[in-house]
Chemist: 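I am attaching a structure below and will ask some questions about it afterwards.
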Amino acid sequence: MPIYFSWKKDDMSIPTTLQITEKKEEFFSLLVFKDINAKHSGKYTCYASNAAAKVNFTAELQVRVAPRWSFEPMDTAIMLGNTISINCEAEGYPIPAITWFKGQDKLNKDFKPLNMRNHSLVLNFATDIDEGYYMCQAANDIGAGLKKVIRINVNEPARFEQPARNVSSRRNDAVTLDCQAKGDEPITIAWTQNNGRIDLNNFRFSIAEMKTDKGVDSQLTIARSDRHDSGIYKCIAENPYGRAEQIIYLAVQERPDTPSNLEVFEVGSRTVKLSWRRPFDGNSPVLSYLVQYQPLKYLQSHAALNLAGGDWSGPNIINATLPSTSVSKSYDSDLRESAIVAGLTPATTFLIRMQAINEIERSTFTDPIVLKTQEEAPTEAPSNVQVQTGGERELIVTWQIPPRESWNGELIGYTVNCTEEKQNINYISVVNNSLKSVIVSGWATTKATLRGLRKYTRYAVTVRALNGFGSGPWSAPIFGTTAEGVPEAAPQHVNCTALSSQSLKISWLEPPLQFHGGIIQGYKILYRPIVNQTYMVRVDENGYPVTYEARGLAENQMYEFWVSASTSVGEGEPTSVVAQATNTRAPARIASFSQVVRKAVGTSLVLECLAVGVEGSLSGNYTCTANNLFGNDEIQYQVIAMKQPAAPQIIVQYASADSIRVSWDPPDDGGAPLQGYTIFYRIAGEMWSQAELMPENNAYTITQLKCGNQYIIKMSAHNLVGDGVASEEINVWTKGKASQAPNGNELIVTNASCVNLKLSAWHNGGCPIHHFSIEHRPLDKSRIKRHRRNARTTRYCDNSKTYRFMDAKARDIRWTVVTSDISNAEENRENLIFCDFLPAKWYQLRISATNDAGKTTEHYHFATTNIDGVTIPPPSVFPSESDLMNNLINATNPTNGDWFSTLIVIVIITVAMITV
């Protein structure tokens, strides 16, 4: 059977381009290769088939070929910063290995291999270091291999390392602008100023260039810099590969310009707000402003002003630095700065000027302007205050004028106050009489006489200065005592009682403490019988007696008595006449009847002898005698006539704020031992309180009393017979009085929205204050009228009543109650602060303080400051209480005639105050 042969190369028909011929016979086939090369390499498969079967056989032909360039690298150039990839390819068998080398120092020698991932040389970001010689080598161990050396040139365009920079120079100094351009040659440099050409014909400008290893260095020099040289300079560099610019911002620095349009914006008593137009800063930021001012004591004319304005070297020159200012834009779009200058003195005329300061230098001063600060209250009290006793009810007060620098304006006079010393044990509060105040006119007045004072009373005197703004501080209190006088009132509660048929007891109380007029030296008791007024008995009792026993009087005789008190000056008014008769004498008699008594001899016999008309003075031994024919006998009776004890005589030892101590001598016990005492005390109009005491007691302290109240005290003794008569009632005051309201400037401190009450300034009068009631309301009459027109009502009803409430506008004129609970808070009594007030508005404040001695209510007027802290002036007339109540009634009057109820809730703020 015939066999058929066929050939394939790499599973494909053999290309004719390989010039392979086939020779075959019946049983074999041959391939003949001519000019064999690497293309002939591959797998050759022979296929044989006949009718019986089909077979094949594959053989591989490998042709070993030396390397030959398939892509030969060439010299190339690249721009700085760009990426380049250079191919190097060779063919051969085995496949040649491609290796890249780089010559050192950009020379064609000393090549060192590079690590490349493929046959290409890749430079991702070409730099100057990448420039030089490179070699590509192809080798497969067949022959010598291939090598190709190429040069890569990195072309650098003109460039700058810094695109912009700042340069500063002081005026008139030379300044050099350095422009260092890098890149391949040739590089040309050009300069511009503010986008315009630089006039190199100006002798002040010069340009110098020099080549460097990396490019060109160009320097623009300005011989004497000036303000107009400031601006934007451009250095333009260009070469065949590119163009670049460097911007230089030149600031020629100099001292700032003088501030202009200096004006006074606001004037206070110690501060002034200045405003000025922001000056040119000399290309150096203004660090601060220096304000210079001096006081002008006398400014007579413009000539004097000009003279003073040129003299800024005296000792009165004051410098003040303004480190921070506020900036605003004026109506003409100019930037203006403003700042507050402090440390001025009130009511003083000043010359003031200013200058700006930067790092370079200070500007010149502005022209001085004249201003005058406002007045404020004097800051010092008059000194060397002295008090001398004048007339009977007068004190003469002298003082020295306070220092001129403390006037804070022009003094218009002085206020002289005197108050009774509160620590004296005989201090008695008299309404509207404990404080005396005198205003004297004229700053040079240094003497005042206080009249209408109480006799022999110690006063605390203070003086303060006045100017057009207000009052200054009080001087330290100086004490003085008025002259002693005769008592101004007679002794009180004169009483006369019969002791026996020949004696009377006269008792009285000393004159009220506030009417002693001095020290009571004693009393004069005068008495005489009414039926025979031809004689009168005068008795002088020295010391402090309050009783006198007149003896040796006629029996059953009417006598009249009167008493007067005396001081070292003289005798006061006598009391009204008191009449009293002595008792009728009762002789002793035997009440038993005479009779015949028959008794057997040897028996006992008792004979009674009853006596009547026996009084205490007839007590003694009585004998009863019995006689008959056989003898006589007698018995003796010791008669002790017992009666209730006499009344003790109370002596007041002292009185404190909550206690009274009394003492007494044991009274006549009536013939029976005393079993004790009962002391009674009360406040007028209240129930009696009592204390039981042992008979050995001769003094007692009544405690837990109310401060500043008058107590009625009496006492009695008791024995086996019964309770004796009570003593005369005496009136004793515990120390203290109702609290005294302070001055408004001592109590109230305000700002724009809050009020600070210093409740510690409220004098408690010696009695602890239990609680305060604090209320306030606005004083704007026009607002009250508007409230009356705009008042609206809201009704809330229940089954029996209708309540009508005003809206917020009408309520504004009512009293607003402060509801802060400050009990047991010591710090709040020093600073009780409440807010929500409107700025620059007058208010009325009502404060009531209650202690045991009574309730004190005081009204004050106060004003909140404006937003800048300046106190607003008072209204011409403060509305009276009746005006405010009428406006309130009108504002709340219903238009439909309905009745309404207005509920005012007063919240009492209870405080615990320490006795001052």
Chemist: Do side-chain atoms of W842 reach the backbone of P873 as a donor and acceptor pair under 3.5 angstrom?
Modeler: yes
Chemist: Which atoms form the tightest heavy-atom contact between S284 and I360, and what is the distance?
Modeler: CB-CG1, 4.1 Å
Chemist: Does atom CG of N153 have more than 12 heavy-atom neighbours, drawn from other residues, nucleotides or ligands, at distances under 6.0 Å?
Modeler: yes
Chemist: Could you measure the distance from the CD1 atom of I357 to the CG atom of L322? Nearest 0.5 Å is fine.
Modeler: 9.5 Å
Chemist: Can you measure from CD1 (I152) to OG1 (T76) and round to the nearest 0.5 angstrom?
Modeler: 7.0 Å
Chemist: Give, for atom NZ of K758 and atom CG of N745, the distance between the pair rounded to the nearest 0.5 Å.
Modeler: 12.0 Å
Chemist: Might you work through the side chain to side chain contact (heavy atoms under 4.5 Å, CB included) test for I207 and S218, ending with a clear yes or no?
Modeler: CA-CA 7 Å; I207 297 176; S218 178; 3.7 Å; yes
Chemist: Please identify each residue that fulfils salt bridge (charged side-chain N to carboxylate O under 4.0 Å, His left out) with K148, with sequence neighbours left out.
Modeler: E72
Chemist: Under a 4.0 Å N-O cut-off, is there an ion pair linking R404 with E410?
Modeler: yes
Chemist: Quick one: is the NZ or CZ of R353 closer than 6.0 Å to the six-membered ring centre of W312, and within 45° of its axis?
Modeler: yes
Chemist: Quick one: closest heavy-atom pair of N408 and A377, and the distance?
Modeler: ND2-O, 2.8 Å
Chemist: Show, in sequence, the C-alpha distance, side-chain angles and deciding distance for H776 and F837, and conclude whether the ring-ring contact (aromatic ring centres under 6.0 Å, His included) test is met.
Modeler: CA-CA 10 Å; H776 64 82; F837 292 93; 4.7 Å; yes
Chemist: Does a salt bridge link D334 with R277, judged by any charged N lying under 4.0 Å from a carboxylate O?
Modeler: yes
Chemist: Report the distance from atom CD1 of I833 to atom CG of N756, rounding to the nearest 0.5 Å.
Modeler: 4.5 Å
Chemist: Which pair of heavy atoms, one from C88 and one from I98, lies closest together, and at what distance?
Modeler: O-CG2, 3.6 Å
Chemist: My understanding is that only residues two or more places apart in sequence, or in another chain, count here; which of them pass salt bridge (charged side-chain N to carboxylate O under 4.0 Å, His left out) with D110?
Modeler: none
Chemist: Please state whether the rings of W407 and W443 are parallel, tilted or perpendicular, taking 30° and 60° as the class boundaries.
Modeler: tilted
Chemist: Taking everything shown except K372 itself, do over 12 heavy atoms lie less than 6.0 Å from its NZ?
Modeler: no
Chemist: Walk me through it: do T864 and L838 pass the test side chain to side chain contact (heavy atoms under 4.5 Å, CB included)?
Modeler: CA-CA 7 Å; T864 52; L838 297 176; 5.6 Å; no
Chemist: Name all residues meeting the salt bridge (charged side-chain N to carboxylate O under 4.0 Å, His left out) criterion together with D257; count only those two or more places apart in sequence or in a different chain, and write none if there are none.
Modeler: R227
Chemist: Are the side chain of T750 and the backbone N or O of A863 linked by a donor-acceptor pair below 3.5 Å?
Modeler: yes
Chemist: Say whether, by atom type as modelled, one donor and one acceptor occur between the side chain of R224 and the main chain of N172 under 3.5 angstrom.
Modeler: no
Chemist: In Å, rounded to the nearest 0.5 Å, how long is the span from CD of Q374 to OG1 of T271?
Modeler: 8.5 Å
Chemist: We want to know whether D217 and T212 form a side-chain donor-acceptor pair, criterion being a heavy-atom distance below 3.5 angstrom.
Modeler: no
Chemist: Can you give me the closest heavy-atom contact between S120 and W100, atom names plus distance?
Modeler: C-NE1, 3.8 Å
Chemist: Under a 3.5 Å distance rule, please check whether N194 uses its side chain to pair with a backbone N or O of G196 as donor and acceptor.
Modeler: no
Chemist: Return yes if a side-chain donor-acceptor contact under 3.5 Å exists between E337 and Y289, otherwise no.
Modeler: yes
Chemist: Just checking, is any N or O donor in the side chain of N283 or Q253 under 3.5 Å from an acceptor N or O on the other one?
Modeler: no
Chemist: With sequence neighbours excluded, tell me which residues meet ring-ring contact (aromatic ring centres under 6.0 Å, His included) with F350.
Modeler: Y293
Chemist: Cation-pi between R64 and Y93: NZ/CZ under 6.0 Å from ring centre and within 45° of the ring axis?
Modeler: no
Chemist: Okay, side chain of S70, backbone of E89: is any donor-acceptor separation there less than 3.5 Å?
Modeler: yes
Chemist: Step by step, would you call R278 with V327 a side chain to side chain contact (heavy atoms under 4.5 Å, CB included)?
Modeler: CA-CA 9 Å; R278 173 180 280 185; V327 181; 3.2 Å; yes
Chemist: Which value, rounded to the nearest 0.5 Å, describes the distance between F160 atom CZ and Q246 atom CD?
Modeler: 5.5 Å
Chemist: Between N239 (side chain) and A158 (backbone), is there a donor-acceptor pair under 3.5 Å?
Modeler: yes
Chemist: For salt bridge (charged side-chain N to carboxylate O under 4.0 Å, His left out), just list the numbers for R270 and E376, CA-CA rounded to whole Å, side-chain angles, deciding distance to a tenth of an Å, and then say yes or no.
Modeler: CA-CA 9 Å; R270 296 180 181 272; E376 69 176 32; 2.7 Å; yes
Chemist: Surrounding CD1 of I95 (heavy atoms of other residues, nucleotides or ligands, distance under 6.0 Å), is the total greater than 12?
Modeler: no
Chemist: Near R151 CZ, under 6.0 Å, is it more than 12 heavy atoms from other residues, nucleotides or ligands?
Modeler: yes
Chemist: Give me the atom names and distance for the closest heavy-atom approach of G215 to I187.
Modeler: CA-CD1, 4.0 Å
Chemist: Tell me whether E254 is salt-bridged to R170, with the criterion being a basic N under 4.0 Å from an acidic carboxylate O.
Modeler: no
Chemist: Got a sec: does the OH of Y249 have more than 12 other heavy atoms crowding it under 6.0 Å?
Modeler: no
Chemist: Please answer whether the main-chain N or O of T345 pairs with a side-chain N or O of T373 as donor and acceptor at a distance below 3.5 Å.
Modeler: yes
Chemist: Decide if atom CD of E405 counts as having more than 12 heavy atoms of other residues, nucleotides or ligands within a radius under 6.0 Å.
Modeler: yes
Chemist: For D226 and D229, indicate whether the former's side chain and the latter's backbone hold a donor-acceptor pair under 3.5 Å.
Modeler: no
Chemist: Would Q104 and K112 count as a side chain to side chain contact (heavy atoms under 4.5 Å, CB included) here? Give the steps.
Modeler: CA-CA 8 Å; Q104 300 303 303; K112 292 185 177 180; 3.7 Å; yes
Chemist: Under the rule for ring-ring contact (aromatic ring centres under 6.0 Å, His included), what residues qualify as partners of H119, not counting sequence neighbours?
Modeler: none
Chemist: Would S363 and R255 count as having a side-chain donor-acceptor pair, cut-off 3.5 Å?
Modeler: no
Chemist: Is the number of heavy atoms from other residues, nucleotides or ligands within 6.0 Å of CG (D367) greater than 12?
Modeler: no
Chemist: May I have the list of side-chain donor-acceptor pairs in residues 258-267 shorter than 3.5 Å, sequence neighbours left out?
Modeler:
residue: T258; atom: OG1; partner: T364; partner atom: O; Å: 3.2
residue: T258; atom: OG1; partner: T364; partner atom: OG1; Å: 2.3

Chemist: Hey, does the side chain of T865 reach the backbone of T871 with a donor-acceptor pair shorter than 3.5 angstrom?
Modeler: no
Chemist: Can you check whether F111's main-chain N or O pairs, donor with acceptor, with Y133's side chain at less than 3.5 Å?
Modeler: no
Chemist: A quick test of your reading: do over 12 heavy atoms of other residues, nucleotides or ligands sit less than 6.0 Å from CD of E185?
Modeler: no
Chemist: Under 4.0 Å between a Lys/Arg side-chain N and an Asp/Glu carboxylate O for E245 and R243?
Modeler: yes
Chemist: Evaluate the criterion ring-ring contact (aromatic ring centres under 6.0 Å, His included) for residue pair W191 and F205; output intermediate values, then yes/no.
Modeler: CA-CA 11 Å; W191 288 88; F205 291 89; over 10 Å; no
Chemist: Closest heavy-atom contact between I236 and T192?
Modeler: CD1-CG2, 4.3 Å
